[in-house]
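Working notes for the structure below.
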Amino acid sequence: MANKPISELGETYLAKPGTSFHDVTEIVSRVTENAAPRGWWILLLASATTTGILGLTLAWLLWMGIGTWGNNSPVGWAWDITNFVWWIGIGHAGTLISAVLHLFRQYWRTAINRFAEAMTIFAVICALMFPTIHTGRPWHIYYPLPIPNAMNLWPNFKSPLLWDVFAVSTYFTVSLLFWYVGLIPDLATLRDRTTKRLREMGVLSMEGGPPSTLLQLRAAVYGGLALGWRSSHRHWQNYERAYLILAALSTPLVLSVHSVVSFDFATSVEPGWHTTIFPPYFVAGAVFSGFAMVMTLLLIARTVFKLHDLVQLRHLDLMNQIMLTTGSIVGYAYAMEFFIAWYSGNPYERFCFINRAFGDYWWAYWSMITCNVLVPQTFWFKSMRTSLPWMFIASILINIGMWFERFVIIVTTLHRDYMVSAWGNFSPTLVDILIYVGSIGLFMTLFLLFIRWVPMIAVAEVKMVLPEADPHFGHDEHHDHAHDDDHGHAEPAVAKEA
Amino acid sequence: MSDEEHVKPARPKQKRPVLYLAEFETPGQVFTAAEKVRDAGYRRWDVHTPFPVHGMDGAMGLSDSRLGWIVLACGLTGCSLALGLIWWTNGIDYPLVIGGKPPFSFPSSVPVMFELTILLSAFGAVLGMLGLNQLPRHHHPVFYSSRFERGTDDRFFISVEASDDKFDLDETRVLLESLSPSHLELIQEES
């Protein structure tokens, strides 16, 4: 099996040598058991406040109507759809890490997959909010579903917007299932640790001990969600098969989701949108931005919760390499769009692209080029790929750049249509800005609650890739060599937590 | 209900053995032990490991998981359900002519067919896995052992159930002891 690193490729074991099974349990579980560090509270306070602002703004929006947005004719999609595509794209890295890297047997993904999957789910929640409110009458959001109704009408299945409904809702559901299946053994670990503490306190004995409502609640919730998992190998057999199948299903799914999102644009006849490059270009951009978001969050969580042993600089380096690859694909797509606009001989296409780079929104275009094309090119240098401050800044710049990409695609195309009489410019209002910033607050709030209450690293999977997990460990010399090798690649200058 | 009703009955409780639980410290030990239990011909027994130990399917003599067939059936259902739905709603029940396109057209049905195939397959994989594993089940006798709390941490167990035809209080104990477990206990249940 591919749980062993391939030393010929320079791969090494995931965790530091000498990490025992119990160490892994302890490092991950204690985050959910000990008091939260102060940094967590500060971040939670900030993000919960932002979420509160989101709630108030949404209430205002629903009360006043969508006229409070800057959306107009011709720029009807504006920030809502920009934000939708941005958030959906961010989600894609989670699926890529959990499914695609699983199929390719990239065992290092174990350090970050739980984290990235959670990010997918929260990003898709934020994404779904935008088309919902963009309808203007969110209480009618069930209209696209094929439900028999009093009007005897069915949804139009030829519309890419309807495909999008199916694609995104399937994506959300499957991501949630995948995440939950991965969580079951780890929830059982938390359940057993909680039961142990309750038993040691005497709560579980016949006489009864001091009541510990919070711990009992923990035991009930984790126990309930763990579904009575008893780590049986007969169960593991079906479980691993289910996990493999879910990975195999998620891989084409993730490619389909952003392709379908790009159909919303590509099946129209707008200049700048009606191109066949859109599906692969959108998927590459999605993975690019998603990895950047994983990087931002991972660097914060790694520092706040001291996870240096499991999330090593080597993994961050690999992630930066993926960002370099996908960033280059995105840069190629930008260049190719321009080339085709010229080569097609279509004057509307040509005008559209010249207008993107030198028209009213030139600053958005060049921000996009700087952040998405130039910034990741620095990752050709190992010193840049392994510099924590730079990769943090770069990851944020890339996410800004990817937001601008969607803004450029939507606004520059819509604001200069075929007829000069239909031209118009867009500028956002306070409501636009607060809803966008608020969605980041919602995302961060969900994320902070996740890292506090759910094992943020896949405990069982990390144990599986430890050298001593091999039933033949210690029986041949090869493993010991690999072990020594690991010392050579030991953790960089980050202090190991005692 | 009054408190008196909770008072334990006076007669001594009957206990009957339900399973032996042998504890091991490494995946290697439990792997070798599992091969021996398999060779001894037991059927109702299990290995409990905090993570899937590779090669254990063979060591336990398990046949391949049947989950794939369940998922295939669910996927085909999803695909045909989507095609049938689109064909009937848009093509038959209320034909919509939009942009001069035919009321039902196969190419534009593909994205939704694909998504529903994936959706139903994923449900099939998760619910099928839980069904085959007979989960959720919160009351298995292995949980009577407080040592089993480490079964999701860093200990490896073999359980042999009393309902196995070959189970014998003494012979099974001799077999399990010969595997040199770090701990062996008989789990009993009140009958």
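By convention in this document, chain letters (A, B, ...) are assigned in the order of the sequence lines, proteins followed by strands, and residues within each chain are numbered from 1. In this text the structure is predicted, and so the values were computed from the model without any measurement.
Taking Asn133(B), Leu135(B), Asp154(B) one by one and counting their heavy-atom pairs under 4.5 Å with chain A, the maximum is reached by Asn133(B). When each of Thr267(A), Ile184(A), Leu177(A) is scored by its heavy-atom pairs under 4.5 Å with chain B, the top score falls to Leu177(A). In terms of non-hydrogen atom pairs under 4.5 Å with chain B, the most contact-rich of Ser232(A), Ser256(A), Ala242(A), Ala460(A) is Ser232(A). Among Arg191(A), Gln237(A), Glu26(A), the residue with the largest count of heavy-atom pairs under 4.5 Å with chain B is Gln237(A). Contact tally against chain A (heavy-atom pairs below 4.5 Å) for Ser109(B), Ser65(B), Ala34(B): the top residue is Ser65(B). Put simply, of Val257(A), Val260(A), Asn152(A), the one with the most heavy-atom pairs under 4.5 Å next to chain B is Asn152(A). Annotation: maximal heavy-atom pairing with chain A below 4.5 Å, among Ile86(B), Thr117(B), Leu85(B), occurs at Ile86(B). Residue with the most contacts toward chain B among Arg193(A), Arg234(A), His22(A): Arg234(A) (heavy-atom pairs, distance under 4.5 Å). Between chain A and the options Val30(B), Val142(B), Leu116(B), Asp64(B), heavy-atom pairs under 4.5 Å are most frequent for Asp64(B).
Listed by first then second residue, pairs satisfying side-chain hydrogen bond (donor to acceptor under 3.5 Å, both in side chains) with a partner in residues 78-97 of chain B read Trp154(A)-Asp93(B), not counting sequence neighbours.
Within the 4.5 angstrom heavy-atom criterion, only side-chain atoms of Met60(B), from C-beta onward, approach chain A. Contacts of Pro252(A) with chain B are made by both backbone and side-chain atoms, with heavy-atom separations under 4.5 Å. Using a 4.5 Å cut-off between heavy atoms, Ile245(A) contacts chain B through its side chain alone, with no backbone atom that close. With a threshold of 4.5 angstrom between heavy atoms, Pro95(B) does not approach chain A through any atom at all. Interface residue Val71(B): only side-chain heavy atoms are found under 4.5 Å from chain A. The part of Pro111(B) that comes within reach of chain A is its side chain, from C-beta onward, which places non-hydrogen atoms under 4.5 angstrom from that chain. At a 4.5 Å heavy-atom cutoff, Ile70(B) makes no contact with chain A through either its backbone or its side chain. Heavy atoms of Thr26(B) lying under 4.5 Å from chain A are absent altogether. Only the side chain of Thr173(A) comes within contact range of chain B, with heavy atoms under 4.5 Å apart.
Of all non-hydrogen atoms in Ala247(A) and Ala99(A), the two that sit nearest each other are O-CB, 3.5 Å.
The residue from Trp236(A), Phe21(A), Tyr239(A) that alone fulfils the ring-ring contact (aromatic ring centres under 6.0 Å, His included) condition with Phe51(B) is Phe21(A).
Taking the charged nitrogens against the carboxylate oxygens, Arg114(A) and Asp186(A) do have a contact shorter than 4.0 Å, which makes a salt bridge. Residues Glu149(B) and Arg199(A) are paired through a salt bridge, judged by an N-O separation under 4.0 Å between the basic side chain and the carboxylate.
The aromatic rings of His140(B) and Phe143(B) stand perpendicular to each other, their planes meeting at an angle above 60°, with 30° marking the opposite boundary. In this pair, His258(A) and His92(A) present their aromatic rings perpendicular. The plane angle is above 60°, beyond the 30 to 60° band. Taking the six-membered ring for Trp and thresholds of 30 and 60 degrees, Phe167(B) and Tyr20(B) have ring planes inclined between 30 and 60 degrees apart.
The distance from the CG atom of Asn156(A) to the CG atom of Leu162(A) is 7.0 Å, given to the nearest 0.5 Å.
Note: Phe31(B) and Phe156(B) fail the aromatic proximity criterion, with ring centroids not under 6.0 Å apart.
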### Query
Step by step, would you call Ile158(B) with Phe24(B) a side-chain contact (heavy atoms from CB on, under 4.5 Å)?
CA-CA 8 Å; Ile158(B) 287 185; Phe24(B) 299 86; 3.9 Å; yes
